[in-house]
J.: 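The following block contains the structure, expressed as structure tokens.
Treat the numbers as computed from the prediction; the structure is a model and nothing was measured.
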Amino acid sequence: MTQRWNDLLFAHWPIRVAEIEALLPEGLEADTFHGSAWLGVVPFWMDRIQFRGLPQIPGARKFPELNMRTYVRDRATKAPGVYFFSLDAASLIAVIAARSLFNLPYYWAQMSIKPRGEREFSYYSRRLLSGKQVRFVARYRGLGPTHKLVQSRPGTIEYFLTERYCLFTRDSLGRLMRANIHHVPWPLEEAEAEIECNDLPAQFGLRLPETRPLLHYSRHLAVYVWPAELVQKAMLRAGPAVAAAQ
């Protein structure tokens, strides 16, 4: 599947490793930077959505999305990736498709993203069909490209948070699954944000620290996502190739 992510805010907070690992499925461990696990909340809008071999799906061509994520490693292979706690989308069709094809925890939400100037946006999300109120309300702005963040380098916090090329999830039986992702390095900018309401962490018993979040903005990026498959199956298939290489 191909898609383009637009006008993203990356908002990140350091979280104690034990708090994150208590919420992860078996087979994953928290990835850390300077001794902390990290929790990210990422509002944006997407377009240019295309499933390979299928026509464009009406009602799922362009819509806001919001995800809450953390950064993990496969305990067996130490492969780094992303683990999504939740993903909210304004398109019900996209929610159904993502749950069916990728086993991701998508939720339908009333959402809007409104431009307020150059690289500045007002964002609103309210989850629908939910027993508890789950809202996210913010205003954010990119501060323009700088030489420092034109391309994040290994060893930097920006690289740790954004250069992730697989996602992990679990199927209906609780088995660990993996989907590969491809994109060029994120073109990041420094950002400012006023987050008025953020109910996402509380849904998982997480409390954000009192410190200001680490903020980045990105204008847009094309992303390619492969179908999810069982991690154990992928490891078995890779086994002969690994043995041959050794």
J.: Indicate yes or no for a side-chain donor-acceptor contact from Asn6 to the backbone of Trp45 under 3.5 Å, with no hydrogens or angles considered.
T.: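 Present.
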
J.: Whether the side chain of Tyr83 engages the backbone of Ala30 through a donor-acceptor N/O pair (distance < 3.5 Å, no angle test) should be reported.
T.: no

J.: By side-chain hydrogen bond (donor to acceptor under 3.5 Å, both in side chains), which residues pair with Lys78, not counting sequence neighbours?
T.: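 side-chain hydrogen bond (donor to acceptor under 3.5 Å, both in side chains) check on Lys78 returns Glu29.
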
J.: Within 45 degrees of the axis of the six-membered ring of Phe160 and under 6.0 Å from its centre: does Arg164 put its NZ or CZ there?
T.: yes

J.: Is Arg219 salt-bridged to Glu118, cutoff N-O under 4.0 Å?
T.: yes

J.: Determine yes or no for a side-chain-to-main-chain donor-acceptor pair under 3.5 angstrom, with Arg170 supplying the side chain and Leu176 the backbone.
T.: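 Looks like no, no N/O pair under 3.5 Å.
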
J.: Main chain of Ala94, side chain of Ser91: is a donor-acceptor contact present, judged purely on distance under 3.5 Å?
T.: yes

J.: Among Phe121, Tyr217, Trp186, exactly one meets side chain to side chain contact (heavy atoms under 4.5 Å, CB included) together with Leu8. Which residue is that?
T.: Trp186

J.: With clusters defined by side-chain heavy atoms of hydrophobic residues (ILVMFWY) lying less than 4.5 Å apart, directly or transitively, does Val184 cluster with Tyr165?
T.: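 No; tracing contacts between hydrophobic side chains, which count when under 4.5 Å, never links both residues.
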
J.: Are Glu189 and Arg119 within salt-bridge range, i.e. N to O under 4.0 Å?
T.: yes

J.: Check the side chains of Tyr224 and Gln3 for a donor-acceptor pair under 3.5 angstrom, ignoring hydrogens and angles.
T.: no

J.: So among Phe10, Phe33, Tyr71, which one has a side chain to side chain contact (heavy atoms under 4.5 Å, CB included) with Leu161?
T.: Tyr71

J.: Of Arg141, Arg139, Arg116, which is the lone residue that meets salt bridge (charged side-chain N to carboxylate O under 4.0 Å, His left out) with Glu194?
T.: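 For Glu194, the salt bridge (charged side-chain N to carboxylate O under 4.0 Å, His left out) check succeeds only for Arg141.
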
J.: Any side-chain heavy atom of Asp31 within less than 4.5 Å of one from Thr70?
T.: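 No, their side chains stay 4.5 Å or more apart.
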
J.: In the hydrophobic cluster built from side-chain contacts under 4.5 Å, what are the other members alongside Tyr124?
T.: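 Direct or chained contacts put Tyr124 with Val137.
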
